[in-house]
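Comments concern the structure below.
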Amino acid sequence: MSESDADADADGPPTAALLDALAVKRNTLVGVGVGIGVAALAYAVRIFELLGPVGFERTYPIVGPEAWFLLLAIVFASATALGVVVVLTAIRAVRLSKNV
């Protein structure tokens, strides 16, 4: 067993330390919360017509508009969560690089 294998076993993989330093777990929880919140708000605004009715008629195949906008809300929540995680992790990385 080489020295690097012994170090990896003792301290865990180096990626785990990097993920901890960048607070990826915390950023993921924040991102998921923001993503779900923004998507729920957008879904409610569209489905309950909080900003008024849509100005044109449209047909929705197979299922109604509620199901299509629910799928869209899921995609929107995922993309928003990913964006928040990337931004928060990048900010953390920049702060850590300035402290070195």
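If you read the sequence from its start, that first residue is 1, and numbering goes on from there.
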(request) Taking all heavy atoms of Tyr43 and all of Leu70, pick out the closest pair and write down the distance. (result)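 That closest heavy-atom pairing would be CE1-N, 3.4 Å.
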(message) Looking at every non-hydrogen atom in both residues, tell me the closest pair between Ala21 and Arg92 and how far apart they are.
(response)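 The pair with the smallest heavy-atom distance is O-NE, 2.8 Å.
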(request) Mind checking side chain to side chain contact (heavy atoms under 4.5 Å, CB included) for Ala77 and listing every partner two or more places apart, or none if nothing turns up? (result)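 Ala77: side chain to side chain contact (heavy atoms under 4.5 Å, CB included) contacts with Ala39.
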(message) Restricting to side chain to side chain contact (heavy atoms under 4.5 Å, CB included), what partner residues turn up for Ile91, sequence neighbours left out?
(response)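 Scan of Ile91 (side chain to side chain contact (heavy atoms under 4.5 Å, CB included), adjacent residues dropped) gives Val87, Arg95.
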(request) Can you run down the side-chain hydrogen bond (donor to acceptor under 3.5 Å, both in side chains) pairs that involve residues 63-78, sequence neighbours left out, and say none if there aren't any? (result)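 side-chain hydrogen bond (donor to acceptor under 3.5 Å, both in side chains) check on residues 63-78 returns no pairs.
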(message) If hydrophobic residues (ILVMFWY) are linked whenever their side-chain heavy atoms come closer than 4.5 Å, directly or via other members, who joins Phe76 in its cluster?
(response)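 Result for Phe76 is Val30, Val34, Val38, Val84, Leu88.
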(request) Kindly give the cluster partners of Val24, where membership spreads through any ILVMFWY side chain lying under 4.5 Å from a current member. (result)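 In the cluster with Val24 are Leu18, Leu19, Leu22, Leu96.
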(request) Give the cluster check for Val75 versus Ile62: same hydrophobic cluster or not, with ILVMFWY residues linked at side-chain heavy-atom distances below 4.5 Å. (result)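 Looking at the clustering, Ile62 is in a separate group from Val75.
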(request) Quick one: list whatever passes side chain to side chain donor-acceptor pair (under 3.5 Å) with Thr89, sequence neighbours left out. (result)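 Thr89 satisfies side chain to side chain donor-acceptor pair (under 3.5 Å) with Asn27 only.
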